[in-house]
Amino acid sequence: MSDLRKEGIALQPALAAAPVDRRSVVSLFSRLRTADGQSDPLPLYAKLRAMGDIVPAPWGGHLVTSYGLCHQLLRSRSWRVPDSAWRARQDDGARWNASASRQMGGTLPMLNPPHHTRVRRSVGNVFHRNSLTEMKTSVERTTSRLLDRFEEELAYGPADFCSLVSEELPVITIGEWLQIPAADFAFLRSLTHDQVYTQELFPNPSQLALSDESTRQLREYFTSLVKERREKPGRDPVSEWIRVWDAQEPDREVADEAVYSLTLFMLLAALETTAHVLSSTFRLLLEHPRQLNWLRIHPEQIPDAIDEALRYDAPIHMISRVASEDTELAGVTVRKNEMVQLMAGAAHHDPAHYAAPEVFDIRRRPAHLGFGGGIHFCLGNTLARLEADCLLTALLERLPGLRITAAPLWEPRVAFRRLITLPVARA
């Protein structure tokens with residue numbers, strides 16, 4: 001049986017709790033999967049944490065609820081991600097062997113060493129300081145244009161921040177970086193919203209069908225893009241990845257497949273999660289006007305406000321890991337190849353780690369799991385921060401006195417948070 005102490009990771013004792021009732025867990029997740037549950041999941045997470053630091057999942061495997069254990073598992077190299085080989089062994093073929101799931105199994109976040117190491121090295125440090133400096137001008141220009149339109153809509157009454165700003169900025173930013181035609185942005189954004197269902201806990205058959213179809217269209221689009229860049233290479237990331245893979249992989253089909261997977265991953269990772277960071281941060285600040293006013297006087301603290309938003313409501317609330325061998329985790333035996341779901345949304349409100357975790361406080365300067373951890377730490381975290389910083393800076397300068405006019409609408413899902421509408425008006 002493996003021991004995390006071999007990696008210098010101290011194990012926490014399991015939280016004493018009454019035996020877990022299967023129906024209670026099922027009921028809790030049923031509520032989490034509704035729009036109402038997503039509008040305020042914190043009471044549900046509190047109930048889940050009260051069941052223990054590690055809770056048996058009725059559908060198999062375990063749920064990890066504490067910050068300490070989630071952090072440990074993300075850092076540990078003895079825990080793996082559910083890659084293509086793991087998915088192929090699962091009995092639930094409708095989910096794990098669906099086309100969309102197989103495609104996700106080949107993307108960077110779902111690769112284990114040594115394959116992950118090779119692919120990650122091929123990407124390089126894409127969002128290094130000089131690159132971000134160059135991108136900042138473009139992001140600021142896009143932000144200004146989007147806020148111009150937002151202000152025009154505000155002149156006539158409430159305007160939806162999500163559709164006009166937070167959904168637009170990420171797709172324009174990553175689309176321009178990949179040098180994709182602007183006319184395709186809306187199409188790719190729509191496909192991304194449908195594709196993410198395959199990464200949810202319990203996608204139903206209709207959601208899996210949507211995800212499979214969107215993945216088919218994304219594959220068609222990006223394999224065509226890779227072919228075009230191979231025929232007419234330029235000074236863009238896709239062309240550079242082709243050159244890198246050609247230098248290390250003699251089989252052109254294998255090289256092109258690797259570049260396709262990278263390009264697909266960059267789009268999927270950049271849109272859903274970043275859009276949530278933008279909308280959630282703005283929502284939380286509008287809901288806490290005193291902190292918003294303080295931030296307007298102290299704009300140098302914008303990075304701290306972004307981190308607290310990532311702590312309070314991260315874009316991903318559930319992260320999957322698989323035991324590479326029989327492992328004792330906080331007094332509970334997890335068998336080899338068993339999955340654990342790291343409930344990051346619950347962990348971010350763990351009172352054993354945070355003082356007054358239910359309080360949104362932009363001066364907290366928290367550690368958090370908003371960008372994952374370990375070898376799978378989010379590759380685009382600096383780009384997401386850049387977009388959020390540029391947007392908040394512009395909003396503070398241009399648009400004081402805004403208010404939320406109606407309850408925001410949430411997508412009814414658990415793992416990936418998505419705010420669908422955020423109606424805002426001038427005070």
Side-chain angles (χ1 to χ4, degrees), residues 35-42 139 142-151 153-154 158-175 185-186 188-190 192-193 196 267-289 291-292 295 302-303 305-317 344-345 348 360 362 368 370-371 378 380-381 383-396 398-399 402-426:
D36 286 344
Q38 287 296 288
S39 69
D40 185 16
L42 301 191
V139 172
T142 300
T143 299
S144 179
R145 186 172 73 250
L146 293 175
L147 291 184
D148 285 344
R149 183 184 172 199
F150 187 52
E151 280 196 89
E153 293 294 325
L154 286 171
D160 179 32
F161 183 78
C162 292
S163 62
L164 294 172
V165 182
S166 61
E167 293 273 349
E168 288 289 314
L169 182 56
V171 71
I172 295 171
T173 298
I174 202 70
F185 291 171
L188 294 173
R189 183 179 60 240
S190 176
T192 299
H193 289 327
V196 79
L267 180 84
L268 296 177
L271 300 197
E272 288 285 303
T273 54
T274 305
H276 174 79
V277 172
L278 302 179
S279 59
S280 179
T281 304
F282 188 48
R283 172 185 67 87
L284 287 166
L285 287 170
L286 289 177
E287 291 176 349
H288 297 82
Q291 296 191 57
L292 177 59
L295 193 62
I302 286 176
I306 295 168
D307 273 321
E308 174 63 351
L310 282 163
R311 195 276 307 179
Y312 197 89
D313 187 15
I316 300 176
H317 278 204
H348 279 160
F360 178 72
I362 62 176
H368 59 78
F371 291 121
C378 177
N381 77 92
L383 179 59
R385 290 181 185 277
L386 172 66
E387 293 180 53
D389 193 291
C390 288
L391 179 57
L392 285 181
T393 299
L395 283 167
L396 292 174
R398 293 180 53 168
L399 292 168
L402 297 178
R403 60 184 176 87
I404 299 174
T405 60
L409 179 62
W410 294 88
E411 181 82 16
R413 58 196 193 193
V414 177
F416 281 72
R417 294 276 279 168
R418 185 189 171 204
L419 192 56
I420 300 175
T421 62
L422 180 61
V424 176
R426 293 187 183 276

Sequence neighbours left out, what passes side-chain contact (heavy atoms from CB on, under 4.5 Å) with A270? Give chain and number order. I174
Apply side-chain contact (heavy atoms from CB on, under 4.5 Å) to V171 and list each qualifying residue two or more places apart in sequence or on a separate chain. F185, R189, L271
Lys/Arg-Asp/Glu bridge criterion (N-O < 4.0 Å) met for R413, E272: yes
Hey, are R403 and E287 close enough for a salt bridge, meaning a charged N less than 4.0 Å from a carboxylate O? no
Find out whether [X] and [Y] are in side-chain contact, i.e. whether some heavy atom of one side chain is under 4.5 Å from a heavy atom of the other.
X	Y	answer
F282	L391	no
R418	V196	no
L399	R426	yes
L396	L292	yes
F161	L419	no
I404	L422	yes
P303	D389	yes

Within 45 degrees of the ring normal and closer than 6.0 Å to the centroid, is that where the cationic atom of R417 sits relative to W410? yes
Closest heavy-atom pair and its distance - [X], [Y]:
X	Y	result
Q38	P412	CG-CA, 4.4 Å
A388	V277	CB-CG1, 4.2 Å
A406	P423	O-CG, 3.6 Å
G370	A314	CA-CB, 4.0 Å
I420	E411	CD1-OE1, 3.4 Å
T273	P315	O-CB, 3.6 Å

Report the C-alpha separation of L169 and T143 in whole Å, then their side-chain angles, then the decisive distance to 0.1 Å, and conclude whether the side chain to side chain contact (heavy atoms under 4.5 Å, CB included) test is met. CA-CA 7 Å; L169 182 56; T143 299; 3.8 Å; yes
Yes or no on side-chain hydrogen bond (donor to acceptor under 3.5 Å, both in side chains) for E167 and H276, after CA distance, side-chain angles and deciding distance? CA-CA 8 Å; E167 293 273 349; H276 174 79; over 6 Å; no
Measure the spacing between [atom1] of [X] and [atom2] of [Y] and express it to the nearest 0.5 Å.
X	Y	atom1	atom2	result
L278	C390	CG	SG	10.5 Å
L267	L188	CG	CG	5.5 Å
H193	F416	NE2	CZ	13.0 Å
T142	L146	OG1	CG	6.5 Å
I362	E308	CD1	CD	8.5 Å
L285	L295	CG	CG	6.0 Å

For the pair [X] (side chain) and [Y] (backbone), establish whether a donor and an acceptor sit closer than 3.5 Å, ignoring hydrogens and angles.
X	Y	result
T421	L409	yes
H348	R311	yes
S190	A186	no

Salt bridge (Lys or Arg N to Asp or Glu O under 4.0 Å) against [X], all qualifying residues, sequence neighbours excluded:
X	answer
D148	R398
E387	none
D160	none
R385	D307

Parallel, tilted or perpendicular, judged at 30° and 60°: which one describes the rings of F360 and Y312? perpendicular
Pair V414-H317, side chain to side chain contact (heavy atoms under 4.5 Å, CB included): steps then yes or no: CA-CA 7 Å; V414 177; H317 278 204; 5.7 Å; no
